[in-house]
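Scroll down for the structure; my scribbles are underneath it.
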Number of protein chains: 2
Amino acid sequence: MTDKPTKRPRDAEATKARILSAAKKEFAKNGLGGARVDIIANQAKANKRMIYHYFGNKEDLFQTVLEEAYVDIRTAEQKLELEHLPPREALERLVRFTWDYYLRNPEFITLVNSENLHRARHLKKSEVIEVVSRRFVNMVGGLLDRGVEQGVFRPGIDPVQLNITIAAIGYYYLTNRFTGSILFQRDLMKDEALEERLAFNIETILRLVCVSR
Amino acid sequence: MTDKPTKRPRDAEATKARILSAAKKEFAKNGLGGARVDIIANQAKANKRMIYHYFGNKEDLFQTVLEEAYVDIRTAEQKLELEHLPPREALERLVRFTWDYYLRNPEFITLVNSENLHRARHLKKSEVIEVVSRRFVNMVGGLLDRGVEQGVFRPGIDPVQLNITIAAIGYYYLTNRFTGSILFQRDLMKDEALEERLAFNIETILRLVCVSR
DNA sequence: CATAGAAGTAACCAGTTAGTGCATTATGTC
DNA sequence: GACATAATGCACTAACTGGTTACTTCTATG
């Protein structure tokens with residue numbers, strides 16, 4: 001059997017994967033409008049014809065890339081196993097994770113920005129998205145409930161608002177790092193600045209959610 | 001003297017202004033790359049030739065639009081007169097203002113996003129920006145100091161981090177309103193949702209900054 | 001080992017877009 | 001009212017871009 005041939009000159013799956021990876025990079029770098037199909041093809045060491053063969057057209061390719069990106073982050077979040085931690089620690093872990101994920105996957109942010117510029121018209125057509133997002137909101141909702149039960153979290157906090165806030169304080173800092181570094185005349189991306197920001201974010205969320213002691 | 005002729009068939013200033021206004025709209029709608037010079041010209045009831053005559057090229061036009069947008073928001077912020085309010089009220093007013101400004105000037109957000117996609121290469125060349133931003137950071141810094149003095153704010157808060165956070169919790173919600181409304185399966189832009197978010201944001205910032213009582 | 005069909009390629013096309021050359025028209029000034 | 005100068009308009013182009021046509025090459029399978 002030819003289950004795992006180490007080298008296959010013609011490997012549809014591998015080519016698809018290379019195209020997706022190159023597309024993610026190019027879309028993230030230049031947005032949907034600015035991305036060039038030719039460049040994606042070259043970067044993927046594939047032919048432009050392959051892209052249209054496997055993915056239909058530029059927009060469909062973008063949609064696939066975007067869906068993949070969302071599934072990736074939601075999958076990673078599910079692996080956090082917040083249930084096995086005390087509420088405070090779980091919350092801090094979530095804030096830390098969100099920050100780290102954005103930091104290590106800057107394409108995610110740019111893809112989301114691009115999608116919002118286009119009024120989410122690709123995500124609207126997607127079907128997988130709703131499922132994975134609902135699961136995520138429930139996870140945070142469960143954590144909040146548990147914290148309230150144990151008397152460490154304030155009651156009445158909307159999990160959606162909390163989710164948005166946790167994302168916001170990391171996302172904004174990173175997506176606007178270029179203009180921010182100019183406006184505030186300091187390098188927002190140097191190590192100390194990043195550490196300082198993460199600490200500030202944890203403080204912000206804990207103060208928001210935890211009961212004052 | 002012809003000081004204020006109500007109609008001048010040829011009015012350079014008016015044409016320039018119309019071009020800038022149309023450009024702001026088009027750049028905000030489609031980003032720098034997606035914006036079309038022809039559309040700007042038509043929308044401005046001007047000729048494409050005029051754009052190149054007055055602004056050089058597309059990129060320079062974008063830079064002008066962007067600078068104008070930053071000067072506008074910083075000017076509005078200066079008019080808040082936070083010094084005449086008790087610290088807590090002043091802080092709440094700033095959060096409220098930031099939210100309202102983003103809500104009423106959605107182009108500002110999209111322009112900033114576009115500029116960051118391009119790694120702030122236009123803002124880098126700008127000279128007015130630094131001055132107006134420094135003044136703004138100082139304003140918030142002054143407010144923080146005053147609050148600490150009066151014993152209502154916690155000491156040691158970095159005005160830059162606070163600025164970023166106040167901006168973030170409004171900006172993120174609004175820039176990602178399209179994907180957010182799908183992910184969370186609720187209309188993030190209906191009136192009640194907007195009010196709820198503003199209240200949540202005020203709560204977040206007050207809890208972050210004020211001493212627990 | 002023959003062959004069907006999948007994988008891959010190069011050249012091309014039609015539409016679009018930023019930018020320009022040049023002629024024309026209005027305006028203030030003497 | 002003539003003239004210098006600024007404002008405006010039109011038609012054009014050179015480069016680019018998403019998408020396609022027509023073709024070759026490889027590979028699995030009976």
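Naming: A, B, ... by sequence-line order, numbering from 1 per chain.
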Any [X] side-chain N or O less than 4.0 Å from OP1/OP2 of [N]:
| X | N | result |
| --- | --- | --- |
| B:Tyr52 | C:dG21 | no |
| A:Thr15 | C:dG8 | yes |
| B:Tyr54 | D:dT8 | yes |
| A:His53 | C:dG8 | no |

Tell me: [atom1] of [X] to [atom2] of [N], nearest whole Å?
| X | N | atom1 | atom2 | value |
| --- | --- | --- | --- | --- |
| B:Phe55 | C:dA18 | CZ | C1' | 17 Å |
| B:Ile39 | C:dT16 | CD1 | C1' | 11 Å |
| A:Asp60 | D:dG18 | CG | P | 14 Å |
| A:Asn57 | D:dT17 | CG | P | 17 Å |
| B:Asn47 | D:dC12 | CG | C1' | 13 Å |
| A:Asp38 | C:dA11 | CG | C1' | 12 Å |
| B:Ile51 | D:dC10 | CD1 | C1' | 15 Å |
| A:Met50 | C:dT9 | CE | C1' | 8 Å |

| request: Establish whether the base of C:dT20 is bridged to the side chain of B:Arg49 by a donor-acceptor pair shorter than 3.5 Å. | output: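 Checked by distance alone, the answer is no.
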
| field | Donor-acceptor pair present, A:Lys48 side chain and D:dG19 base, under 3.5 Å | value |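 By the distance-only test, yes, there is a pair.
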
| query | Distance from B:Met139 atom CE to B:Gln78 atom CD, nearest 0.5 Å? | reply |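 Between atom CE of B:Met139 and atom CD of B:Gln78 there are 5.5 Å.
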
| Ignoring hydrogens and geometry, is there a side-chain-to-backbone donor-acceptor pair from B:Glu26 to B:Val37 under 3.5 Å? |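 No, B:Glu26 side chain to B:Val37 backbone: no donor-acceptor pair under 3.5 Å.
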
| message | Tell me whether A:Ser181 contacts the main-chain N or O of A:Arg177 through its side chain, where contact means a donor paired with an acceptor under 3.5 Å. | response |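 The answer is yes, because a donor-acceptor pair under 3.5 Å joins these two groups.
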
| How are the rings of A:Tyr102 and A:Phe108 set to each other: parallel, tilted or perpendicular (split at 30° and 60°)? |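 Parallel.
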
| Parallel, tilted or perpendicular: rings of B:Phe97 and B:Tyr101 (30°, 60°) |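 Because their plane-to-plane angle lies in the 30° to 60° range, the rings of B:Tyr101 and B:Phe97 count as tilted.
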
| task | Establish, yes or no, whether the cationic atom of B:Arg197 lies under 6.0 Å from the six-membered ring centre of B:Tyr173 and within 45° of the ring axis. | result |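 Here B:Arg197 fails the 6.0 Å and 45° test against B:Tyr173.
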
| request: Apply salt bridge (charged side-chain N to carboxylate O under 4.0 Å, His left out) to the pair A:Glu89 and A:Arg93, showing each step before the final yes or no. | output: CA-CA 6 Å; A:Glu89 276 75 17; A:Arg93 179 164 195 179; over 6 Å; no

| field | Strand contacts (DNA chain C) in residues 20-37 of chain B, 4.0 angstrom heavy-atom criterion | value |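 Only B:Ala35, B:Arg36, B:Val37 qualify.
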
